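Below is one structure, written out as structure tokens; the observations come after it.
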Amino acid sequence: MRTKKAIFSVLTIIFGSLGLMNIVSTDITLPIMFVFMGLTLLTNARECYDNGAKKDAMIFAGVAIFVYVVTVYNLVSRFM
């Protein structure tokens, strides 16, 4: 679990940095960054669930779902 969390966190930081430094357009990097951030949150939720903290796992999963819903809404509204 630790390696997955580390990989997803590093990818989130990389894509966020690429967008902030204008190396790649933020139209491309922000949705990718939010996908990896959601994966990090889901990994945290799984770890909490395995450790018996079901309430914390539900909070992490809820935040991940919220991030994904907002990302999908932004992508759909951009193409309409």
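These figures come from a predicted structure and were not determined experimentally.
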### Query
Mind checking whether Leu42 and Met58 sit in one hydrophobic cluster, side chains of I, L, V, M, F, W, Y counted as touching below 4.5 Å?
no
### Message
Treating Arg46 as the side-chain partner and Leu41 as the backbone partner, does any N or O pair qualify as donor plus acceptor under 3.5 Å?
### Response
no
### Query
Who are the salt bridge (charged side-chain N to carboxylate O under 4.0 Å, His left out) partners of Lys54, not counting sequence neighbours?
none
### Task
Using side-chain contact (heavy atoms from CB on, under 4.5 Å) as the criterion, list what pairs up with Ile13, not counting sequence neighbours.
Ser17
### Query
Other hydrophobic cluster members with Val69, side-chain heavy atoms of Ile/Leu/Val/Met/Phe/Trp/Tyr under 4.5 Å, chained?
Ile65
### Query
Who are the side-chain contact (heavy atoms from CB on, under 4.5 Å) partners of Lys4, not counting sequence neighbours?
Phe8, Thr43
### Message
Let me check something: do Phe34 and Phe66 share a hydrophobic cluster, defined by ILVMFWY side-chain heavy atoms less than 4.5 Å apart, either directly or through other members?
### Response
no
### Query
Quick check: are there more than 12 heavy atoms from other residues, nucleotides or ligands sitting under 6.0 Å from OH of Tyr68?
yes
#### Entry: Common cluster, Met37/Leu18, ILVMFWY with side-chain heavy-atom separation under 4.5 Å
yes
### Message
When you group the ILVMFWY residues by side-chain heavy-atom contacts below 4.5 Å and let the links chain together, are Val72 and Val70 in the same group?
### Response
no
### Query
Are Glu47 and Arg2 close enough, and set up right, to give a side chain to side chain contact (heavy atoms under 4.5 Å, CB included), and what steps lead you there?
CA-CA 9 Å; Glu47 185 177 355; Arg2 281 185 125 176; 5.6 Å; no
## Note on the structure
Residues passing the side-chain contact (heavy atoms from CB on, under 4.5 Å) test with Leu20, sequence neighbours excluded, are none
#### Entry: Partners passing side-chain contact (heavy atoms from CB on, under 4.5 Å) against Ala6 (at least two apart in sequence or in another chain)
none
### Task
Treat each ILVMFWY residue as a node, draw an edge where side-chain heavy atoms are under 4.5 Å apart, and state whether Leu30 and Tyr73 are in one component.
no
### Message
Minimum heavy-atom separation for Thr26 and Gly19, please, with both atom names.
### Response
CG2-O, 3.3 Å
### Message
Just verifying a value: how many Å separate Thr29 OG1 and Phe15 CZ, rounded to the nearest 0.5 Å?
### Response
8.5 Å
#### Entry: Closest approach of Ala57 to Ala45 (non-hydrogen atoms, all atoms of both residues)
CB-O, 3.3 Å
### Query
Out of curiosity, Ile7 CD1 to Leu39 CG, how far, rounded to the nearest 0.5 Å?
11.5 Å
### Query
From Phe36 CZ over to Thr12 OG1, what is the distance, rounded to the nearest 0.5 angstrom?
7.0 Å
## Note on the structure
Taken to the nearest 0.5 Å, the spacing of Ile59 CD1 from Asn44 CG works out to 12.5 Å
### Task
Compare every heavy atom of Gly16 with every heavy atom of Met33, then report the nearest pair and how far apart it is.
SD-CA, 3.4 Å
